[in-house]
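Structure first, commentary second.
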Amino acid sequence: MMALPPSSPSSSPSLQRLSTFKHPPPSGPPQPPPSSTSSPLDSFSNDPILAPFLSPSFSSASFSSAALASGSPASTAERLHQAIRLLDSQLRNDVISRHPELLSQLSSLSHAEISLSSLRSSVSSLQSSIRRIRSDLSEPVRSVRSKSVQLSNLHSATELLSHSVRTLRLSKKLRDLTADGSDPEKIDLTKAAQLHFEILTMCKEYDLFGIDVIDEEIKFVNEIGEKLRSEAMRVLERGMEGLNQAEVGTGLQVFYNLGELKVTVDQLVNKYKGIAVKSVGVAMDMKAISSGSGGGFGPGGIRSSGAPHIGGGGKVREALWQRMASCMDQLYSLVFAVWHLQRVLSKKRDPFTHVLLLDEVIKEGDSMLTDRVWDALVKAFTSQMKSAFTASSFVKEIFTMGYPKLVSMLENLLERISRDSDVKGVLPAINSERKEQMVSCIAIFQTAFLSLCFGRLSDLVNSIFPMSSRGSLPSKEQISQVLSHIQDEIEAVHPDGRLTLLVLREIGKALSNLAQRAECQISTGPETRQITGPATSTQIRNFTLCQHLQGIHTHISSIVADLPSIAADVLSPHLGAIYAAACEPVTPLFKAMRDQLESCILQIHDQNFGVDNAALDNNTSPYMEELQKSILHFRREFLSRLLPSAASANTAGTESICTRLARQMASRVLIFYIRHASLVRPLSEWGKLRMARDMAELELAVGQNLFPVEQLGAPYRALRAFRPLIFLETAEMGSSPLVQDLPPSIVLHHLYTRGPDELESPMQKNRLSPKQYSLWLDNQKEDQIWKGIKATLDDYAVKIKSRGDKEFSPVYPLMLQIGSSLTEANL
C-alpha cells in the first residue's frame, strides 16, 4: 500500500476557503479562538505517529519506510487522513473567527495602492519641474563660475604684484644699505641680514621665483648673503678669539636674522672640535717632533720602534714637552673661546622677539657647546695617550718618568679654564666631573708612575735589608739614602695634593715592607734580655736596628708634619708599623730592667722599719743600695747606648722610643716604690726617717740615670707628697693638701700602719705575698681597691662591736672618709 501524495490533502481545504469567502457566516459576535489546550498540535506532539511531522528534521522518505516496516501501513495512512481532516477543520474555524480582521487588512491594501499611484504621478511632475529649472539656470551658473575664476586670477595677480613690489622695495633698501661695499665696517650687518631674510622668505612664501625682475634681484640678494655670512663669520671669530662680547653678539645676531643661527653655531663648534683634536694629535706626532728638533734620519731621529736614535733623546724629550705645553695653551684658547660663545648666547636676546639666542641653538636634549668640545677632546686625548703608551716605548718612558709634569700641565689647564670661566650667572666651562674625565685620560701613565715609584723604593729597601743575608744591618749612609729618596719622591709631587696622596700610599707600602724586613733582622732569645752583664753584641745590634728605625720614623714624621692632615692619615698606619718594629728590639730589655728594679723594691718588706733605735746607722738601706747599683748598671751598659744626648734630643723635638720607655720605667719605679712603702707595717719614727732617706736616694738615682724626675708629672708629685705625709699626725691627714697628690689607695694602705694589729690590710687578710698583692693592684682601679679595703674595715668594725667596745681606732673614720669621697667622685 503506497502513501498518499502530499498534494492530495490540500485540495479540499482550498475549495472550502473559497466557499467561505463567498458565503460568509451569519453576522454575530465573533467566536473566540480555541484555547491553546485544544490545539491539534498539542495532540500531535504526544502521538508517536504524528510527532515526527513536528520535527525540523522531518524526512518523508524515512517516515514512509518506517510505516511500511511497521507492518500496518493502512492504519498509519488512516491516521494521517484523520490528522489532515482535523487540521482543515481547525483552519476553517480560525478563518471564520478572524473574518472581519482579514477584510479590514484587504481594504487597507487597496487604499495603499491608490496612494502609491498618486505619489508616482506627483514624483513625475516634480522631476519635470527640476529639468526645466536646470535648463533655465545652467547658463547663469556657467557665467558666475567664469567670473569667479577671473576674479580669483585678478586677486592672485594683484597679490603677486603687491609682494613683488614689496620685494623690490626691500631689495632696493638692501642695495642702498650695502652700496658702500668696499668698507664692510660701515655696513649695518644685522639690518642687512634682516632684509636678506625677509626677501628670501617672501619669495619662498609667495612663490615669486620665475618672475624675471625678481630673479634678477635674487641673484643680487644671494651675492649679498654670501658677503654677509663671510663678514659675520669674520666678526664672530674675531670676537671669540679676542673675547669681545659685542663682536660675538653682532655676529650671532646677523646669523639669527639670516635664519641660520643653529646651523652656523653647530658648524663653528665642530670646527673648534676638529682643531682641538688635531692639536692633540700634532703635539704627540713623534715624526714631526724628530724633524722639528733637527733629527731627520741622523742622530736624534725617530726609529720605527718609536725611540730616538742615539744622542737625540734629550732633544726629542725637550721638544715633546714644548709641544705639550703649546698644546695646553691652544686647548685653553679653544675651550675658552667656545665658552665665550656660549656665554654670549646665554645672555643675548633678539631685540624684536626677545627670544634668547641660546634657546634657538640648544634644544631640549642637546648638550651644551662646551660639553661637545670637551667630549671630543677627552676622547682624542684618551686615544692618543693609549696609543703613546703602547706604540712608543720612548714616549711611555717620558710620560711615566715625567708624570708629575704631565699631570701638572693638565691640572693647570683645568684650573685656568675653571677659574677664568667662573662668572656669576653663567655656567662654567667645566665642572668637577669633566675635570676627572680629563685626568683619567692619563690614568695609564699614573699607574705606571706609581708602580715605578714603589719599585724604586722597594729596590732600596731590599738592598739594605736583603732576605738572603739575615744578620747584616744597614749603615747610616744607607738609611740616609732611603730617607733622601723618600723626601725626593714627595717633593717631586708636592705641588699636586692629589698626586701627593697617591705617592704617599706607595711610600706607605714601602715603609710597611721595610718594617717587615726589619722585623726579620731582630734577634730574640734570652741573650737579648740579659741585664746582669755588659751589653752583648746581639743586644748592641738590636740597639742599632732600633735607632735606625727610630730615625726613619722621626724623619718621615717631620716631613708629614708640613703636609695637610690627610697626608698624615695616609701614612699613619705605616709609620705605626715602623714604630712597632723599632720598639720590638728594645721592649723586652726594658721589661727585664723594670722587673729587676721591682724585684729590688720588693725587698723593702724584708727590712725592719718598726724598730725605734736612733743609735742604728744612717747608711742607705740594703735594698735601696742594690736598687741604685742596678739603675747605675743599666745606665752605664744599656741606656747610655739607647738614650739620645741632650743636644740631639733638643734638636729632634720629639721623644724617642727609648726615651719613652725610660720615662715609663722611671714612672713605674716611683709609683711601685711608694705603693710598697705604704704597705710597710709596722713603721716607727726611726723607720719613717729611714724611709724618707731611701726616697731621697731613689729620687736622686732615678733623676740622674733614668729620666729627669721633674718631668714625670704625677708619679714625681706622689713621691714628693708621700715623704712628708708619713710624718703627719693622723688627725692632720684628712685636711692635708698632700693627699690630693697621692692615689687614694696609697693613703689608705699607709693608714693601716697607723691602725691596730686587728685592722688587717687586704694583703694580710687574704694571706698574699707583697708581689701577689702588687700584681692584683696593677689590674684594679681605685674603686675596686676601695671595695677590698672596705671589706677589711667592715671586719674590723664587727670585731670591735663583738667585744663590746664603743671606740674605734682614729684611722677607721679617716679611712671611711677617704673611701666615701672616692665613691662620690666615681659617681
Reported CD1-to-CG distance for the pair I486 and L460, which is rounded to 0.5 angstrom: 8.5 Å
Residue pairs, two or more places apart or on separate chains, that pass side-chain hydrogen bond (donor to acceptor under 3.5 Å, both in side chains) and touch residues 699-708: E699-Y716, E699-R720, E699-R723
4.5 Å side-chain heavy-atom contact, I552 and L511: yes
Sub-4.5 Å side-chain heavy-atom contact between F465 and N513: no
H633 side chain vs Q628 backbone, donor-acceptor pair below 3.5 Å: no
Stepwise side chain to side chain donor-acceptor pair (under 3.5 Å) check, H548 with Q478: CA-CA 10 Å; H548 284 338; Q478 289 176 313; over 6 Å; no
Salt-bridge contact R803-D805 (side-chain N to carboxylate O under 4.0 Å): yes
All salt bridge (charged side-chain N to carboxylate O under 4.0 Å, His left out) counterparts of E411, not counting sequence neighbours: R498
More than 12 heavy atoms of other groups within 6.0 Å of I566 CD1: no
Check: T528/N542 side-chain N/O donor and acceptor closer than 3.5 Å: no
Minimum heavy-atom distance L483-G551, with the two atoms named: CD1-O, 4.2 Å
Main-chain N/O of E655 paired to T659 side chain as donor or acceptor, under 3.5 Å: no
Any I785 side-chain heavy atom under 4.5 Å of K790 side chain: no
Modelled atom types, side-chain donor and acceptor of Y773 and H676, under 3.5 Å: no
D595 and K591 ion-paired at < 4.0 Å: yes
Flag for R594-Q664: side-chain donor and acceptor within less than 3.5 Å: no
Minimal non-hydrogen separation, A492 against P404, with atom names: O-CB, 3.7 Å
Distance-only donor-acceptor check, side chains R693 and T620, under 3.5 Å: no
T554 and Q550 side chains, donor-acceptor separation under 3.5 Å: yes
Non-hydrogen side-chain atoms of C658 and F590 separated by less than 4.5 Å: yes
Residue pair F707 / A666: nearest heavy atoms and the distance that separates them: CB-CB, 3.9 Å
All side chain to side chain contact (heavy atoms under 4.5 Å, CB included) counterparts of H750, not counting sequence neighbours: S678, L683, F722, I726, M733, T753, R754
Contact check, side chains of L504 and L563, non-hydrogen atoms, under 4.5 Å: yes
Test item: side-chain donor near acceptor, T500 and H494, under 3.5 Å: no
Residues Q539 and E637: side-chain donor-acceptor under 3.5 angstrom: no
Exercise: do S761 and R681 side chains pair donor with acceptor under 3.5 Å: no
Side-chain heavy-atom pair V439, L414 within 4.5 angstrom cut-off: yes
Value rounded to 0.5 Å, distance of CD1 in I490 from NE2 in H485: 11.0 Å
Close side-chain approach of Y403 and L452, heavy atoms under 4.5 Å: no
Donor-acceptor contact present, side-chain N766 to main-chain P762, <3.5 Å: yes
Quiz item: cation-pi between K688 and F609, 6.0 Å / 45°: no
Under 3.5 Å: donor-acceptor pair, side chain of S736, backbone of E732: no
Side chain Q603, main chain Y623, donor-acceptor under 3.5 Å: no
Short side-chain donor-acceptor distance under 3.5 Å, R641 and Q547: no
Any donor-acceptor pair under 3.5 Å from S684 side chain to G687 backbone: yes
Non-hydrogen side-chain atoms of P495 and S408 separated by less than 4.5 Å: no
Worked verdict on E625 versus K629 for salt bridge (charged side-chain N to carboxylate O under 4.0 Å, His left out): CA-CA 6 Å; E625 186 175 353; K629 290 180 180 179; 3.8 Å; yes
Under 3.5 Å donor-acceptor, Y796 side chain and A791 backbone: no
Short side-chain donor-acceptor distance under 3.5 Å, R675 and S774: yes
Point-to-point distance, once rounded to the nearest 0.5 Å, from CG of L759 to CG of D795: 9.5 Å
Backbone N/O of P534 and side chain of Q530: donor-acceptor pair under 3.5 Å: yes
Straight-line distance of L450 CG to E506 CD, nearest 0.5 Å: 5.0 Å
Minimum-distance pair of heavy atoms, taken over all atoms of F808 and A797: CE2-CA, 3.7 Å
CG on L751 to CD1 on I746, rounded to 0.5 Å: 11.5 Å
Spacing of CG belonging to L602 relative to CG belonging to L597, to within rounding of 0.5 Å: 11.0 Å
Sidechain-backbone polar pair: E782 side chain, S745 backbone, donor-acceptor under 3.5 Å: yes
Donor-acceptor pair, side chain of S802 and main chain of K799, under 3.5 angstrom: yes
Whether over 12 other heavy atoms sit under 6.0 Å from Q481 CD: no
